[in-house]
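Notes to accompany the following structure.
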Amino acid sequence: MGLNITEKIISAHLVDGKMEPGTEIGLRIDQTLTQDATGTMAYLQFEAMGIEKVQTELSVSYVDHNTLQMGFRNPDDHQYLRTVAAKHGVVFSPAGTGICHQLHLENFAKPGKTLIGSDSHTPTAGGLGSLAMGAGGLSVALAMAGQPYSIPMPKVVKVELSGKLTGWATSKDIILHLLGELTVKGGVGIVFEFGGEGVKTLSVPERAVITNMGAELGATTSIFPSDENTRDFLKAMDRVEDYSELVADTDATYADTIKIDLSKLEPLVAQPHMPDRVVTVKSLAGLKVNQSAIGSCTNSSYSDLKTTALILKDQQLPQGVDLMISPGSKQVLKMLASEGFIAPLLDSGARLLECTCGPCIGMGGSPTSAGVSVRTFNRNFEGRSGTQDAKVYLASPQTAAKLALAGEFTDPASWGTPIEKIDFPAEVPSIRHLFIYPPENGAEVELVRGPNIVPLESFSALPDEISSEILLKVGDDITTDHILPAGAQITALRSNIPAISEYIFSRVDENFVSRMKNSESGIILGGENYGQGSSREHAALGPRHLGVVAVIVKSMARIHRANLVNFGILPLVLSQKSDYDRLSEGSHLTLKTTEITPGGETVATTADGLQIKVKNDLSEKELAIIIAGGLLNYVGKQL
Ligand code: MIC
Ligand code: SF4
């Protein structure tokens, strides 16, 4: 029987397990990436493993999130990241060089390779045929140490594209369409593999927009074949030698097939505050726009920004409309500059920001109170922009630029002739000399650790019995931004767990931390899709530091669940969802952890004798990790 692309890569990297959906598999990891906000922790953990040199083919450490450097914290973190990279054989990308996923696509990703990154949008590299997954920092540290990466074998769903995009529709509208159809829970346990005639009409940067935002579907990852367009892209990047063809066998099978006729799509937006609240742009005509932001790891490629410049050329933004543009990399910026596209951007009144995540992670660029901001990003969670009551809409660069110019939502039928598809210029400048490559022998490199780098805490093993109160009850769709908000002030504390833990759930319930501090331990009760969004392991580490022993929910997001396991917190699921209503904040639960079996059901008893059945989907190894008090304790003896 033939294999699909996902199965081909998995079978070539399979170290443990069988390719049966749902069962645990271990994969050999070729490449890793980290970014600064999750990276400091990942390298502290790597150091704790006592391995001299990374065991992967390539590991890269990017600095793109926390680049404001207000005070000593961020620059100290960056200095630590630079020295620890040199010491252990990791390539380092300094602040301002670009956004990790855009840089990785341009410079390092290869078809057929496995990549894990401590950032949930690592699947961006699926646009050129890598099997690229987001993971917690500790999982990435382990992969750097040469250990396999464990995941449940995903189901592979084919997304068959036919036809061709027309009018003002873009690849962003393909993924927004999918999000509208499948919702933010629609991809759990799934790899979306793109195929069909329509694939040929999409360039690698267009494909990467789709695989990037596939993360918002909750998918394990998304992947495109590696074909002539991939070859063209790698050639433009001056690394055609990295090309290899990778297509599904003609008799490959899939768990399911979703069909999309590209010619039927029109410009779409995701409304506040979820990426799946998708409607057509025209249906919102008349809604005033205060701000647009073009950039982020989703839409900051050369073609995205040149299109933007062509739309803004000889136009002037209306007074009071703020338009921010962040190129994805210095390569993109240099191409725009050499082709004369910076002046049209500046002359329109737009602001050119650094090549970083910027406003996407709340590093500046917050909208006005209750303002409407149209952003080309992948997330619009409440408060993430830094303005709690702002309304963020997610759209393509074309849509964001057109709506900024109009100062309101308009019908794309009135936008005139669409911008033609953009190819790379004949000469693509290289920025590869800006990366800092590690020396052959890192032993002599001196590690520099500023006061913001706080040593790792060691956690104790799981007690035989949990006897704790539910100290927080939350509803559905709690994101990691709810658990641990982003923004300059908080993100600067990513290497300091005691300090950052003060902000756990701070925007949901300001008394949660003090309730935790007044108790030995606590339980969190959640609804559906708990922990969706980012890969930040601080959303597990912080609660663990405060004494959370178990999270009991209706359902949970993949990366957050893995992070809970890594730090020894029990991820439990209510067997009867209706029990959610029988429990409240303050309910006391007793549960014998010695009775927990992998994939089994256990009973938790309330103070008044109510029996609540909870199940888990833990593998034997995951359970052993939790019992040991987390992954570092578990592997400590084995490495
Ligand atoms: C995000 O978009 O939320 C982030 C910041 O890139 C995160 C990682 C983090 O919290 O550091 C992600 O998506 O994984
Ligand atoms: Fe950076 Fe935003 Fe992408 Fe996260 S989603 S990596 S913050 S640009």
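Remember, it's 1-based here, ligands and their atoms both numbered in the order they're listed.
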N/O contact list for ligand 1, threshold under 3.5 Å:
{"residue": "ligand 1", "atom": "2 (O)", "partner": "Arg379", "partner atom": "NH1", "Å": "3.1"}
{"residue": "ligand 1", "atom": "2 (O)", "partner": "Arg384", "partner atom": "NH2", "Å": "2.8"}
{"residue": "ligand 1", "atom": "3 (O)", "partner": "Arg379", "partner atom": "NH1", "Å": "2.9"}
{"residue": "ligand 1", "atom": "3 (O)", "partner": "Arg384", "partner atom": "NH1", "Å": "2.8"}
{"residue": "ligand 1", "atom": "3 (O)", "partner": "Arg384", "partner atom": "NH2", "Å": "3.4"}
{"residue": "ligand 1", "atom": "3 (O)", "partner": "Arg536", "partner atom": "NH2", "Å": "2.8"}
{"residue": "ligand 1", "atom": "6 (O)", "partner": "His65", "partner atom": "NE2", "Å": "2.7"}
{"residue": "ligand 1", "atom": "6 (O)", "partner": "Asp119", "partner atom": "OD2", "Å": "2.6"}
{"residue": "ligand 1", "atom": "10 (O)", "partner": "Arg494", "partner atom": "NH1", "Å": "3.4"}
{"residue": "ligand 1", "atom": "10 (O)", "partner": "Arg494", "partner atom": "NH2", "Å": "3.1"}
{"residue": "ligand 1", "atom": "10 (O)", "partner": "Ser534", "partner atom": "OG", "Å": "3.2"}
{"residue": "ligand 1", "atom": "10 (O)", "partner": "Arg536", "partner atom": "NE", "Å": "2.5"}
{"residue": "ligand 1", "atom": "10 (O)", "partner": "Arg536", "partner atom": "NH2", "Å": "3.3"}
{"residue": "ligand 1", "atom": "11 (O)", "partner": "Gln35", "partner atom": "NE2", "Å": "3.1"}
{"residue": "ligand 1", "atom": "11 (O)", "partner": "Arg494", "partner atom": "NH1", "Å": "2.7"}
{"residue": "ligand 1", "atom": "13 (O)", "partner": "Ser120", "partner atom": "OG", "Å": "2.5"}
{"residue": "ligand 1", "atom": "13 (O)", "partner": "Arg379", "partner atom": "NH1", "Å": "2.9"}
{"residue": "ligand 1", "atom": "14 (O)", "partner": "Ser120", "partner atom": "N", "Å": "2.8"}
{"residue": "ligand 1", "atom": "14 (O)", "partner": "Ser120", "partner atom": "OG", "Å": "3.2"}
{"residue": "ligand 1", "atom": "14 (O)", "partner": "Ser535", "partner atom": "N", "Å": "2.7"}
{"residue": "ligand 1", "atom": "14 (O)", "partner": "Ser535", "partner atom": "OG", "Å": "2.8"}

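Atom OG1 in Thr122 sits 7.5 Å away from atom CD1 in Ile559 (nearest 0.5 Å).
Taking the six-membered ring where tryptophan is involved, the planes of Phe424 and Tyr302 are essentially parallel, since the angle between them stays under 30° and well short of 60°.
When each of Glu106, Gln102, His101 is paired with Ser329, the side-chain hydrogen bond (donor to acceptor under 3.5 Å, both in side chains) condition holds for Glu106 and for no other.
Atoms of ligand 2 found under 4.0 Å from any heavy atom of Asp119, numbered from 1 in the order shown, are 6 (S).
Salt-bridge check for Glu206 with Lys172: failed, with every basic side-chain N at 4.0 Å or more from each acidic carboxylate O. Note on Asp481 versus Arg536: salt bridge recorded, some NZ/NE/NH1/NH2 to OD/OE distance being below 4.0 Å. Classification of Lys185 and Glu528 as a salt-bridged pair fails, no side-chain N sitting under 4.0 Å from a carboxylate O. Salt-bridge check for Arg494 with Asp77: failed, with every basic side-chain N at 4.0 Å or more from each acidic carboxylate O.
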Acceptor/donor pairs from residues 560-569 side chains to any protein atom, 3.5 angstrom cut, sequence neighbours excluded:
{"residue": "Arg561", "atom": "NE", "partner": "Asp617", "partner atom": "OD1", "Å": "2.9"}
{"residue": "Arg561", "atom": "NH1", "partner": "Glu622", "partner atom": "OE2", "Å": "3.2"}
{"residue": "Arg561", "atom": "NH2", "partner": "Asp617", "partner atom": "O", "Å": "3.1"}
{"residue": "Arg561", "atom": "NH2", "partner": "Asp617", "partner atom": "OD1", "Å": "3.1"}
{"residue": "Arg561", "atom": "NH2", "partner": "Glu622", "partner atom": "OE1", "Å": "2.9"}
{"residue": "Asn563", "atom": "ND2", "partner": "Ser535", "partner atom": "O", "Å": "3.0"}
{"residue": "Asn566", "atom": "ND2", "partner": "Ser139", "partner atom": "OG", "Å": "3.1"}

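Ring centroids of Phe435 and Phe108 are separated by less than 6.0 Å, placing the two rings close together.
The residue Arg375 has no part lying near ligand 2, judged by heavy-atom distances below 4.0 Å.
His177 meets the side chain to side chain donor-acceptor pair (under 3.5 Å) test with no other residue; sequence neighbours excluded.
Around atom 2 (Fe) of ligand 2, the protein N, O or S atoms found under 2.8 Å comprise Cys360 SG.
Residue contacts with ligand 2: Arg536 is excluded, as none of its non-hydrogen atoms falls under 4.0 Å.
Val60 and Tyr43 get closest at one heavy-atom pair: O-OH, 4.0 Å.
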